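Here is the structure we will look at, set down as structure tokens.
Treat the numbers as computed from the prediction; the structure is a model and nothing was measured. All residue numbers in this chain count up from 1 along the given sequence.
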Amino acid sequence: MHLLILGHGYSASFLSPRLLAKGWTVAGTTRSEAAGFGDDRIEQIIWPGDSDAVRHHISRADAILTSVAPDATGDPVLREFAQDLSQAAPKWVGYLSSTNVYGDHGGAWVDETTEPSPSTARARARVEAEAAWADLSRRAGWPLNIFRLAGIYGPGRGPFAKLRSGTARCIVKPGQIFSRIHAEDIAGAVETAITRAIAGQAVGVEIFNLCDDQPAPPQETIRRAAEMLGLPTPPAEPFDQAEMSAMARSFYADSKRVRNDRMKTQLGYHLRYPDLDSGLTAILEAEKGTEATE
């Protein structure tokens, strides 16, 4: 079995080892050779650049996962490879999207039946990309899973390094609440979806929210991490007074709680890290292990 990952970044780095251990071959695209994958078993494709290599792997892949974000003119993968994908016959295709497609719900719950109501340009582009992939799936005849990811955290993307360096901030926006997902659970859910598709159990276009069970205010992440390290929590900064980049501020545009029932019942994946405490504990242990080997 062969997996092609278009945009082999942080989340994919947790998936590839799982499939390699099962005897799969894996190829992934990256923008520069210097980026590397940290595993010589993964075939590296420079793209944009080597489009012929991408086409070769599209034609032979049993499974294709794309995490390439849309840009101002649409989805870069579809812009260049829609024809190749329409002629390919993978047993499964996955698209990593974002829960930002739902927009702002004032802290209320949303699920996959909630109509997207994007509130930012990035979110609107995601909605359009999802629709384009779904349309191609129906025309080409291969099954498509769209994964709407909540805020991603994991080793190297946790708050501990910022707390240790003194750069962590505790931004407080009243009523703000986020859902999150540990990178290992993204990999676990996607692996489950691929296994399910190879067994012939995936059909059509399916959408799954990937998030944990306990949405929490953003400042709670910093507070709990500081407590684990035995460090003081940074002083609270009111959101409307905090100096932030436009990009950072945009992450506070939406407030919602995201349900994951379909991930558990229809996909059949159960979280390894169902809440913030279990996820942060795992990150701390993983980072300690990394420090010990350096």
Side-chain angles (χ1 to χ4, degrees), residues 10-15 17-18 96 98-100 102 105-111 147-192 208-237 239 242 248 251-252 254-265 267-293:
Y10 181 76
S11 296
S13 70
F14 293 84
L15 174 65
R18 291 169 174 260
L96 299 188
S98 169
T99 56
N100 69 3
Y102 294 115
H105 287 263
W109 288 96
V110 300
D111 64 19
F147 300 101
R148 290 174 176 166
L149 309 184
I152 302 169
Y153 73 112
R157 283 200 181 183
F160 299 111
K162 290 182 179 179
L163 282 162
R164 292 188 183 105
S165 66
T167 60
R169 300 176 69 187
C170 195
I171 308 295
V172 178
K173 183 180 181 182
Q176 186 74 34
I177 195 156
F178 290 152
S179 291
R180 299 166 180 78
I181 182 74
H182 192 288
E184 286 284 6
D185 278 319
I186 296 173
V190 173
E191 180 188 17
T192 299
F208 299 102
N209 292 332
L210 299 189
C211 58
D212 68 18
D213 294 336
Q214 295 185 2
Q219 65 270 21
E220 182 65 12
T221 303
I222 298 298
R223 187 191 70 79
R224 287 294 295 120
E227 188 176 87
M228 289 179 179
L229 291 177
L231 294 174
T233 303
E237 299 180 58
F239 172 77
F251 286 108
Y252 289 80
D254 302 339
S255 177
K256 57 186 170 290
R257 294 170 169 87
V258 183
R259 294 194 185 279
N260 59 19
D261 305 68
R262 188 182 289 184
M263 174 191 72
K264 296 174 181 175
T265 58
L267 183 59
Y269 180 72
H270 297 280
L271 293 161
R272 184 174 179 181
Y273 305 112
D275 52 48
L276 188 59
D277 276 6
S278 60
L280 288 176
T281 299
I283 294 170
L284 190 58
E285 290 302 312
E287 291 180 356
K288 284 179 180 177
T290 301
E291 290 170 0
T293 59

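- A distance of 12.5 Å separates CZ of Arg223 from CG of Leu163, quoted to the nearest 0.5 Å.
- Ring geometry, Tyr273 versus His182: the interplanar angle falls from 30° to 60°, so the pair is classed tilted.
- Rounding to the nearest 0.5 angstrom, the gap separating the CD1 atom in Ile283 from the CD atom in Glu287 is 6.5 Å.
- The line from CG of Leu149 to CZ of Phe208 is 13.0 Å long, rounded to the nearest 0.5 Å.
- The distance from the CG atom of Asp185 to the CG atom of Leu210 is 9.0 Å, given to the nearest 0.5 Å.
- For Leu96 against Ser11, the heavy-atom pair with the smallest separation is CD1-CB, 4.4 Å.
- Every residue was checked against the salt bridge (Lys or Arg N to Asp or Glu O under 4.0 Å) condition with Arg259, not counting sequence neighbours, and none meets it.
- Applying the side chain to side chain donor-acceptor pair (under 3.5 Å) test to residues at least two apart or on different chains, the pairs with a partner in residues 170-181 are Arg180-Thr221.
- Side chains of Met228 and Thr281 form a contact here, defined as non-hydrogen atoms less than 4.5 Å apart.
- Here the OG1-CG distance, from Thr99 to Asp254, works out to 8.0 Å after rounding to the nearest 0.5 Å.
- Within the cation-pi definition used here (under 6.0 Å to the ring centroid, within 45° of the axis), Arg157 qualifies as a partner of Tyr10.
- A salt bridge is defined here as a Lys NZ or Arg NE, NH1 or NH2 lying under 4.0 Å from an Asp or Glu carboxylate O, and Asp111 with Arg262 fails to meet this definition.
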